[in-house]
Amino acid sequence: MESIESILNDDFIGKTVTVHGWVYRIRSSGKITFIIIRDSTDIVQCVASSVNLGDRYNDISSLTVESSLEVTGKIKKDDRAVTGYEIQINDFKIYQRNEFFPITKDKSEEFLLDNRHLWIRSREFTSILKIRSTVFKAFSDFFYKNGYYQVQGPMMVSTATEGGATLFKLKFFDDDVYLTQSSQFYLETMIYSLEKVFTIAPSFRAEKSRTRRHLSEYWHAEGEAAWLHNEDMMQVEEKMIEYIISEVLENNEKDLKLINRDISKLENIKAPFPRIKYRDLIQKSKEFGMNLKYGDDLGADEEYNIMIHYDKPLFVTNYPEELKTFYHLPDPENPGEILCHDLLAPEGYGEIIGGGERIWKLDQLLERMQKYGLPEEDYYWYIDLRKYGSVPHSGFGLGLDRLVNWICNLNNIRDAIPYPRTVRRIKP
RNA sequence: GCCGCUAUAGCUCAGUAGGUAGAGCACUCGGCUGUUAACCGAGCGGUCGUCGGUUCAAACCCGACUGGCGGCGCCA
């Protein structure tokens, strides 16, 4: 048995091969039928003729799209075939003869989402999922290569990380628990032994967001490292993004072409990435056609207006403390600012990473928690980390689906994940 | 939470100053030995999202509800 990709070259001309897969297209003209067969690697045109197959010809010429089969035949080079070669069928085995496949050439967004379990077989989706696979692998590989350990936190938690309003609540025996929004705090507990850790885990946000860059369940890649400061962490992240993209370029060139991605834009993504302080960005906002004042948060429109001017990702640092949550370390040199960073992706995509240096001194953390009205009892274990051998440390959270969305230049984050969960979509 | 758009055949869509519902694709049958989401002929296919209102008459006008899509806020 050969993969389709492996037989599409001149070495196989004249040889007899067997491939198996699914009917991608089928066209019949009486005594000759063209069947395009698809497997996970590629597609190939196969020719069935009544002269070769005799009585069995009708069995194969009447097949329907997505029926599964195995064919054996000799390979011929032919420019008329979609991938340049074709198989002259002289034997075949049908595994399943389908009723008609529901997805045809006309398709609405809603229909395709309802039939996502079938739509993911499409060539575009297959390529996106291959790229996504590379992104996940490259993320892990990068951190393994840099001495990080992979760890896992719980998905069911009793406290919020970001804020109270966006948690999914569920019953846990007699108690209420929440689905995690971030594994950050649990990663922080592990740096005191492992020093450098990362995780890939789902995070859940009950925000009723109706946008093309939000999911209710998304894949969160997080890292946390002892002894690193904000700038150190940014250097790790830019190398990580550069590595992931270089791996995609190396392993998925065919897939990027199939989805019509402009590869030169990705080839340009090399560290270091530019950095700008929030207050400088506010000053510069007029150049980007906006009139922002200090204290304004960067919304989707602002990120877009900024990032269409950059061809590399951009770090925005030193946000005012009011714009971010309680655990960020205040900048001793710039009162009112914190040592944090967001990474905005180019081509208008916007935020893909949020990170920064964490407060590591006990009194400072308690003071900030009080300001935010957070109950110390619920966070006793997080507070304990500042009592026993506390050290400076930094971390980040990356939205892997957002990264895939950008790398594939997709229009909607839904198409960066096989089964998107949004406020309006829980099936299939 | 707020704003906008949308719902007609299995799928994509048209439809009318309010008067018995239409095309393409898919499917079935027939034809075709070089197709490229083939082509030609015939057939099959609808309680026009649901409920209510206006009217002699509603897919069409009005209201409510439900599903879906997009935008904002929030974030990754």
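Throughout, a chain's letter reflects where its sequence line sits, starting with A, and its residues are numbered from 1. The analysis underlying the following values was restricted to heavy atoms, covering all of them including side chains, and did not include hydrogens, waters or symmetry mates.
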Among [options], find the nucleotide with the atom closest to the side chain of [X].
{"X": "A/Arg212", "options": "B/C75, B/G70, B/C11", "result": "B/G70"}
{"X": "A/Arg425", "options": "B/C25, B/A76, B/C69", "result": "B/C69"}
{"X": "A/Arg27", "options": "B/A38, B/U33, B/C74", "result": "B/A38"}
{"X": "A/Arg25", "options": "B/U33, B/C75, B/A38", "result": "B/A38"}
{"X": "A/Ile413", "options": "B/G73, B/A76, B/U33", "result": "B/A76"}
{"X": "A/Phe34", "options": "B/C25, B/G34, B/U33", "result": "B/G34"}
{"X": "A/Lys76", "options": "B/C25, B/G34, B/G67", "result": "B/G34"}

May I ask you to decide whether A/Arg121 forms a salt bridge with A/Glu66, counting only side-chain N to carboxylate O separations under 4.0 Å?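 Yes, charged N to carboxylate O under 4.0 Å.
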
With a 4.0 Å cut-off, would you call A/Arg414 and A/Asp401 a salt bridge? no

Does the base of [N] carry an N or O that pairs as donor and acceptor with the side chain of [X] under 3.5 Å?
{"X": "A/Ser209", "N": "B/G73", "answer": "yes"}
{"X": "A/Arg424", "N": "B/G68", "answer": "no"}
{"X": "A/Glu86", "N": "B/G34", "answer": "yes"}
{"X": "A/Arg402", "N": "B/C75", "answer": "yes"}

Could you give the distance separating [M] and [N] at their [atom1] atoms, to the nearest angstrom?
{"N": "B/G31", "M": "B/A17", "atom1": "P", "value": "45 Å"}
{"N": "B/C44", "M": "B/G22", "atom1": "P", "value": "13 Å"}
{"N": "B/G49", "M": "B/A76", "atom1": "C1'", "value": "36 Å"}
{"N": "B/U35", "M": "B/G71", "atom1": "P", "value": "43 Å"}
{"N": "B/G4", "M": "B/G10", "atom1": "P", "value": "32 Å"}
{"N": "B/U8", "M": "B/G15", "atom1": "C1'", "value": "9 Å"}
{"N": "B/U20", "M": "B/A57", "atom1": "P", "value": "15 Å"}
{"N": "B/U12", "M": "B/U6", "atom1": "C1'", "value": "15 Å"}

Find the distance between CD1 (A/Ile308) and CD (A/Glu303) and round it off to the nearest 0.5 Å.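 It comes to 12.5 Å.
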
Ring centres under 6.0 angstrom apart (A/His328, A/Phe326): no

Could you check whether A/Phe198 and A/Tyr144 have their ring centres less than 6.0 Å apart?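 Between A/Phe198 and A/Tyr144, which both carry aromatic rings, the centre distance is below 6.0 Å.
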
Return the stacking result for B/C27 and A/Phe100: yes when the ring centres lie under 5.5 Å apart and the planes under 30°, no otherwise.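 The base of B/C27 is not stacked with A/Phe100 (the test needs centres under 5.5 Å and planes under 30°).
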
Nearest whole angstrom, please: distance from the [atom2] of [N] to the [atom1] of [X].
{"X": "A/Leu298", "N": "B/G73", "atom1": "CG", "atom2": "P", "result": "11 Å"}
{"X": "A/Lys105", "N": "B/G24", "atom1": "NZ", "atom2": "P", "result": "11 Å"}
{"X": "A/Ile35", "N": "B/U35", "atom1": "CD1", "atom2": "P", "result": "17 Å"}
{"X": "A/Tyr319", "N": "B/A76", "atom1": "OH", "atom2": "P", "result": "10 Å"}

Specify the residues of residues 40-62 of chain A, ordered by number, for which at least one heavy atom lies under 4.0 angstrom from an atom of RNA chain B. A/Gln45, A/Val51

Under 30°, 30 to 60°, or over 60°: which ring-plane class applies to A/Phe168 and A/Phe204, parallel, tilted or perpendicular? perpendicular

Taking only residues two or more places apart in sequence, or in another chain, which ones meet A/Glu253 in a salt bridge (Lys or Arg N to Asp or Glu O under 4.0 Å)?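 Salt bridge (Lys or Arg N to Asp or Glu O under 4.0 Å) list for A/Glu253, sorted by chain: A/Lys257.
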
Candidates A/Leu329, A/Ile383, A/Leu385 - the one meeting side-chain contact (heavy atoms from CB on, under 4.5 Å) with A/Leu365: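 Exactly one candidate clears the test, A/Ile383.
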
